[in-house]
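Input: a single structure, listed below in structure tokens.
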Amino acid sequence: MTEVRVRFPPSPTGYLHIGGARTALLNWLWARKNNGKLILRIEDTDADRSTQESIAGIIDGLTWLGLDWDEGPYFQTEFSKDHQQAAQKLLDSGHAYKCFCTREELEKKREAALAAKKDVRYDGTCRHLTPEQIREKEEMGLPSVIRFKVPQKEGVVAYEDKVLGTIERAYSDIEDFVIVRSNGKPLYLLCNVVDDIRDRITHIIRGQDHMTNTSRQVLLYQALGAPIPVFAHMPLTLDLQKKKISKRSHGEIVSVQFYREKGFLPWALCNFLVLLGWNPGTDQEIFSREELIEAFTLERISKVNSVFNYQKGNAKFFTDPKLIAINEHYLRSMEITELAQLVKKELEAEGLWDEAYEGEKQDWFLATIDLIRDRFHTLKDFTTAGRAYFSDDYEIMAKPLKKNILKHPELKTWLPQLGQRLGELESFTEEEVERVSREMAAELGIKPGILINGMRTVLTGQLAGPSMFAVLVALGRETVVRRLRNIDHLYEA
RNA sequence: GUCCCCAUCGUCUAGUCAGGUCCAGGACACCGGCCUUUCACGCCGGCAACACCGGUUCAAAUCCGGUUGGGGACGCCA
């Protein structure tokens, strides 16, 4: 059996977006499943739009996602000789011809056709030029492009698509497309095929937006005498208005970088992305890498475009709710030591990291992040909502301040008192702090919740959180007492 | 205007190829209840879809035709 070889060929004209990441992911899965190879090929033939930052961004993005490749990155521009040779071969074999029509002429014809609501295809003006006419034009110094000579015959060009079945297109519906620019530089359609042949690509997994390219590229494979790879066209990802998601119209929300900055787990993003247009045929939605590689098949890729459910301006669901849910799932269930490494980076970035968290305070650190992760959504929450566990410099949220502190002015004296009692405790355990708290509430003739939620606000700044007695123990006696004693400033504003 | 692809809950989707076990299953979201010191934690429950019309058949989400709707492509971009 021949080796499975797939490729991810981004054009470096912007950051890596989730559509590209999804394409990379499916190719990666297919390579890994078959013990094959994934080739990263940067398609930088559009010199005007390609940038170094973009190349770095794509590589960064893939690396962060954990999508490793086996060959490359190759750069398409390094193989321009191959492309030119292929073009010459097509010219020599009569599969292509020189076309001297100018852009202006073509543009005029296209507009006229569009205005007349007619076909906008190339009319074949230069297809039947005699060798003498060609020589004449060349001697006059007229620039020319090279067009592929689409067979003028009955019937269809067909290919088998792993997800869509047989795709057919009549020869007569395909125009003589340009394969080399007038400046001598070959175009995508040709380069892509030449590179795939050279890289011995066996499966081409790409978006349905390439379907018309595929029909034309099949012609190229045939003319070049190369075997045709297996195609799998995946459905596109659209926005709620059913428009293709793009960097241009959707901005950062579709960039992989955004999710990294927002504290998402890379595998959670992959898990979400793979479910956009693929499913295993079972109810399973959460997969480890190994499970996903095992379960993945080309045939189960959906034919239907999916919607990235993102509503602008929604603070709670700042991206697709399902993505957030999957991220939460991993945040809550992943190995705590693995999570610790990620939280460490977050704390370091905020200047809150303490080396002792990997030394004498390690048990405390692991227990604490395990305690608070249940209500968190992203890694960022550890330094925002969870900041009070690692620093005295945390914000008291307005809502709990009003509801749990200002509403009960007596807390100004009660809380320091409670702090005093907690400080005098012989053993600072959940049972003991609970006993003391409830006893004091009973003495005062108030509901325990007033004291408890007052403490929550003062000690964590948050409206919600884990069991308060567990929180007290996590914070430790010294911190609890210090914070409870110093609350006058809360009443000042 | 031409060509190609597609059509199940709000969203992601199972079921379609091999018609009956589907008055359509799961997940997310939403709503309600429980737990409780709080909560965007957890548990339990609920709402919610086969685009439309015709045909084939004892029987259609499933097969066929049409309609409508959506998407993609129609560059000397990739």
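Letters A, B, ... are given to chains in the order of the sequence lines, protein chains preceding strands, and every chain is numbered from 1.
For the pair A/Ser182 and B/C76, the criterion of a side-chain N or O lying under 4.0 Å from OP1 or OP2 is not met. Between A/Arg438 and the phosphate of B/U37, there is a side-chain N or O to OP1/OP2 separation shorter than 4.0 Å. For B/G75, the OP1/OP2 oxygens have no side-chain nitrogen or oxygen of A/Arg121 closer than 4.0 Å. The phosphate of B/G71 (OP1 or OP2) has a side-chain N or O of A/Lys243 nearer than 4.0 angstrom. When the side-chain nitrogen and oxygen atoms of A/Arg110 are compared with OP1 and OP2 of B/C74, none of them lie within a distance under 4.0 Å. Contact annotation: A/Arg181 side-chain N/O to B/C77 OP1/OP2 distance is under 4.0 Å. The shortest distance between the side-chain N/O atoms of A/Lys399 and the OP1/OP2 oxygens of B/C39 is not below 4.0 Å. Between A/Asn305 and B/G71, a side-chain N or O to OP1/OP2 separation shorter than 4.0 Å is absent.
Residue contacts shown for A/Pro466 include a base, since a base heavy atom lies under 4.0 Å away. Note on A/Ser467: a base of the nucleic acid sits closer than 4.0 angstrom, heavy atoms only. Base engagement by A/Met468 is indicated by at least one non-hydrogen atom pair under 4.0 Å involving a base atom.
If you measure from atom CD1 of A/Ile286 to atom C1' of B/U13, you get 14 Å, rounded to the nearest angstrom. Protein atom CG of A/Asp209 is 15 Å distant from nucleotide atom P of B/G75, rounded to whole Å. Put simply, CZ on A/Arg206 is 17 Å from P on B/G72, counting in whole angstrom units. The CG-C1' distance, from A/Asp374 to B/C43, rounds to 14 Å in whole Å. Rounded to a whole Å, the CG atom of A/Leu275 is 7 Å from the C1' atom of B/C12. We find that CD1 of A/Ile174 is positioned 17 Å from P of B/U2, with the value rounded to whole Å. Taking atom CG of residue A/Asn192 and atom C1' of nucleotide B/C77, one finds them 13 Å apart after rounding to whole Å. Taking atom CG on A/Leu240 and atom C1' on B/U11, their separation rounds to 8 Å, with Å as the unit.
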Worked verdict on A/Thr319 versus A/Lys262 for side chain to side chain donor-acceptor pair (under 3.5 Å): CA-CA 10 Å; A/Thr319 186; A/Lys262 289 291 180 183; over 6 Å; no
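You'll find that the side chain of A/Lys244 is closest to B/G72, out of B/G72, B/C74, B/C41. Closest to the side chain of A/Val307, out of B/U11, B/G42, B/C76, is B/U11. Looking at the side chain of A/Ile167, the nearest of the listed nucleotides B/C4, B/G75, B/U13 is B/C4.
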Check nucleotides 25-29 of chain B for protein N or O atoms closer than 3.5 Å to its own N or O atoms and list the pairs.
unit_1, atom_1, unit_2, atom_2, d
B/G26, N2, A/Glu285, OE2, 3.2
B/A27, O4', A/Glu285, OE1, 3.2
B/A27, O2', A/Glu285, OE1, 2.5
B/A27, O2', A/Lys322, NZ, 3.3
B/A27, N3, A/Lys322, NZ, 2.9
B/C28, O2', A/Lys322, N, 3.4

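For A/His203 and A/Asn27, the side-chain atoms include no donor-acceptor pair closer than 3.5 Å. Checking A/Thr212 against A/Arg169 by side-chain atom types alone, no donor-acceptor pair falls below 3.5 Å. For the residue pair A/Tyr188 / A/Ser11, no side-chain donor-acceptor distance below 3.5 Å is found, with atom types taken as modelled. In summary, the side chains of A/Tyr259 and A/Asn327 do not present any donor paired with an acceptor at a separation below 3.5 Å, with no hydrogens or angles considered.
Listed by chain and number, the residues in a side chain to side chain contact (heavy atoms under 4.5 Å, CB included) with A/Asn314 are A/Gln311, A/Lys316, A/Phe317 (sequence neighbours excluded). Residues passing the ring-ring contact (aromatic ring centres under 6.0 Å, His included) test with A/Tyr389, sequence neighbours excluded: none.
Each of A/Trp278 and A/Asp173 has a nearest nucleotide on RNA chain B; the 5'-most of these lies closest to A/Asp173. Nearer the 5' end of RNA chain B, as judged by each residue's closest nucleotide, is the contact made by A/Thr282, out of A/Thr282 and A/Ala315.
The side-chain tip of A/Arg147 points at the ring of A/Tyr122 from less than 6.0 angstrom away and within 45° of straight on.
Judged by atom type and distance alone, A/Arg103 reaches the base of B/C76 through a side-chain donor-acceptor pair under 3.5 Å. For a distance-only test at 3.5 Å, the side chain of A/Ser302 fails to qualify as a donor-acceptor partner of the base of B/U13. Taking only distance into account, the side chain of A/Thr212 never meets the base of B/C3 through a donor-acceptor pair shorter than 3.5 Å. Under 3.5 Å, the side chain of A/Asn213 and the base of B/A78 form at least one donor-acceptor pair of N or O atoms.
To the nearest 0.5 Å, atoms CD (A/Glu160) and OG1 (A/Thr166) are separated by 3.5 Å.
For B/U68 and B/A29, the C1' atoms lie 29 Å apart once the distance is rounded to whole Å.
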